[in-house]
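Shown next, in structure tokens, is the structure this report addresses.
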Amino acid sequence: MLDIKYIRDNPDEAKRRLATRGVDGGVIDEALVLDAKWREIKFAADNLQAALNKASKAFGPWMGASKKNPQAPAPKDLIDALGETPATPDAAKVALAALGDKQAATQRQADELMQQIEGSLLYVPNLPSSKTPVGASEADNITRKEWGTKPQFTFTPKAHWDLLAGQGFDMEVGGRISGSGFPFFRGKLARLERALINFFLDLHTREHGYTECWTPFMVREETLRNSGQLPKFIDEMYRTDARDDLFMIPTAEVPLTSVHAGEILPDESTPIRYCAFTPCFRREAGAAGKDTRGILRVHQFSKVELMVVTTPEQAEAEHEALTRCAETVLERLELPYRRLELCTADIGFGAARCYDLEVWAAGVGKWLEASSCSHFSDFQARRAKIRVKGKDSGTRLAHTLNGSGLACPRTMIAIIENNQNADGKVRIPDALKPYYGNEWL
RNA sequence: GGAGGAGUGGCAGAGUGGUCGAUUGCGGCGGUUUUGAAAACCGCAGAUGGGGCAACCCAUCCGGGGGUUCGAAUCCCUCCUCCUCCGCCA
């Protein structure tokens, strides 16, 4: 969520920065009008409350005094608050109740305005960082680096669904059990999936300093609001019925971001680096008919996620470091990849800046997004109320970052398609052999 | 699923209708003392929002939400979380 104070002080800048992502500035103008109204009414409500507090404080002693001496004069604070001199404590009670009603009504008005402001602000994406390249579409993303060389073949490399047909790659079985887009692996592919997960986790925990977490896979609405998926992307979520009303997580980012929700962390405790394996559940409502073959785009997949909570000062360096951790996975697996810096038109809803890592898949002949490493600045922290506090720096919102490290299906596709032989055999990368337990798939 | 108990400031732990943002201890910060440190003593310390050029002032916050009352940490309702016991089941 954006900072209403920032919007108040820099409305034109806010609109200009939102415009670079194709967001109309109208929401900003609306928020400003509501905010001005809110402040006026809130001020009135506060003043009424202050008068009421003073009067209530003076009331008790006066009532006591009146019992002994009915002539006891009404206290000044009470007269000030009521604007008249009450004849008796009972008369004052009636007048105070009326004043209380007026205060409550004013407060309610203020609350409703604030709800309106927050209600619309929750749908506004983050402001792009000043370093994010301005662009109009994904065509304006910038390739920051390319690593490795695409494999050369003396034959036409097959796509994974052809290469693996009849070898435990059972999309139809998944379909029978759950519907299309739910992969079912048998035998060596199931083992490969498990090997990848273990390889990812070991690398990040042993070499990159991340703390492994095991998280719930179903979460509350509030948890999804913290990390930015709700309310806007509700159509992307699997949701249980009203008895429990829980959501299946679309990524481990969701539970990990809420680990420190509501906390004020000492600066020295940051950066906090977490990684977790979870299955990810996505309805892919907007992507129907796209990437339908094989496991290019599925409703359930495995992923190891990296997530960092840090100070604003360290965030940029942590973002680079986190991206390097994800790249290291691809390098160890000898998979050619490129790092794209997404432009303003293509970065995700909550991101201020984002690198996509795309891995080359020789069979489908495409670069596949295997990781998206995002810097959220204080966008998620404001929603989740994650703050950091230092001796000299005071209390401020934390910054959060996350990225896949990596997603299994696309990593698996790249391994299989890039390492295939003419006879259909697939070589397992050296780094993965100890986990998979064999040189060939 | 059933029956109980509990949730207070960084932590521990008082407080059962009015002067309580809240006693106290520990921890933290500043100071006195000391060659230095420890100890002792003194002092300062929360978050959020609003108003003001500012000094500063006001409001809110005792798990969340709602209610009773002139007035709620304190009474009532509801939800959440944790603990104990029973039942059921991986």
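No hydrogens, no waters, no symmetry mates; every other heavy atom, side chains included, goes into these values. Everything numeric here is computed off the predicted structure, so don't read it as measured data. Below, read A as the first sequence line, B as the second, and so on, with proteins coming before strands; counting in each chain starts at 1.
Counting only heavy atoms from C-beta outward, the side chains of H399(A) and V309(A) never approach each other to under 4.5 Å. At a threshold of 4.5 Å between non-hydrogen side-chain atoms, the residues L127(A) and L18(A) count as touching. The closest side-chain heavy-atom distance from Y355(A) to L340(A) is not below 4.5 Å.
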Restricting to nitrogen or oxygen on both sides, can you table the protein-nucleotides 27-30 of chain B pairs closer than 3.5 Å?
none

Atom pairs, protein N/O to nucleotides 75-81 of chain B N/O, distance under 3.5 Å:
from: C80(B); atom 1: O3'; to: R220(A); atom 2: NH2; distance (Å): 2.5
from: U81(B); atom 1: OP1; to: R220(A); atom 2: NH2; distance (Å): 3.0

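Rounding to whole angstrom units, CZ of residue R382(A) and P of A47(B) are separated by 17 Å. Rounding to whole angstrom units, CG of residue D101(A) and C1' of U69(B) are separated by 12 Å.
Taking atom P in both C77(B) and G87(B), the straight-line distance is 29 Å, to the nearest Å. Spacing of P atoms, C20(B) relative to U78(B), comes out at 32 Å, to the nearest Å. The same atom, C1', is picked in A22(B) and in G17(B); the two are 15 Å apart, to the nearest Å. Distance check on atom P: A3(B) versus A90(B) gives 25 Å, rounded to whole Å. On the C1' atoms, G13(B) is 9 Å away from U8(B), given to the nearest whole Å. Going from the P atom of U68(B) to that of C83(B) covers 35 Å, rounded to whole Å. Nucleotides U23(B) and G67(B), compared at atom P, are 29 Å apart to the nearest Å. Of the C1' atoms belonging to A45(B) and C29(B), the separation is 7 Å, rounded to the nearest Å.
Legend: residues meeting ring-ring contact (aromatic ring centres under 6.0 Å, His included) with Y436(A), ordered by chain and number and at least two apart, are absent. By the side chain to side chain contact (heavy atoms under 4.5 Å, CB included) test, E30(A) pairs with no residue at all, sequence neighbours left out. Legend: residues meeting ring-ring contact (aromatic ring centres under 6.0 Å, His included) with Y274(A), ordered by chain and number and at least two apart, are H260(A). Not counting sequence neighbours, the partners of N53(A) by the side-chain hydrogen bond (donor to acceptor under 3.5 Å, both in side chains) test are Q49(A). For the salt bridge (charged side-chain N to carboxylate O under 4.0 Å, His left out) test, residues two or more places apart in sequence or in another chain that qualify with R239(A) are D245(A).
Looking at E284(A) and R297(A), a side-chain N of the basic residue comes within less than 4.0 Å of a carboxylate O on the acidic one, giving a salt bridge.
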Would F199(A) and H204(A) satisfy side-chain contact (heavy atoms from CB on, under 4.5 Å), going step by step from the backbone distance to the final call?
CA-CA 9 Å; F199(A) 168 67; H204(A) 298 309; over 6 Å; no
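For RNA chain B, the stems formed by at least three consecutive Watson-Crick or G-U pairs, with both atom-pair distances below 3.5 Å, span B:1-7 with B:80-86, B:10-12 with B:24-26, B:28-32 with B:40-44, B:46-51 with B:56-61, B:63-67 with B:75-79.
The only member of L201(A), V329(A), L432(A) that meets side chain to side chain contact (heavy atoms under 4.5 Å, CB included) when paired with L196(A) is L432(A).
Aromatic ring pairs are classed by plane angle as parallel below 30°, tilted from 30° to 60° and perpendicular above 60°; the pair F217(A) and F277(A) is perpendicular. In this pair, H208(A) and Y210(A) present their aromatic rings perpendicular. The plane angle is above 60°, beyond the 30 to 60° band.
Using a 4.0 Å heavy-atom criterion, one finds that K389(A) contacts the sugar-phosphate atoms exclusively.
Residues from residues 254-263 of chain A placing a heavy atom under 4.0 Å of any atom in RNA chain B do not occur.
Looking at S258(A), its side chain never comes within 3.5 Å of a backbone N or O of A384(A) through a donor-acceptor pair.
Sorted by first then second residue, the salt bridge (charged side-chain N to carboxylate O under 4.0 Å, His left out) pairs that include residues 109-118 of chain A, not counting sequence neighbours, number zero.
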Residues 168-180 of chain A side chain polar contacts: donor-acceptor under 3.5 Å, at least two apart:
from: D170(A); atom 1: OD2; to: R186(A); atom 2: NE; distance (Å): 2.8
from: D170(A); atom 1: OD2; to: R186(A); atom 2: NH2; distance (Å): 2.8

B/S/- along nucleotides 48-67 of chain B (protein heavy atoms under 4.0 Å) is SBSS------SSS-------
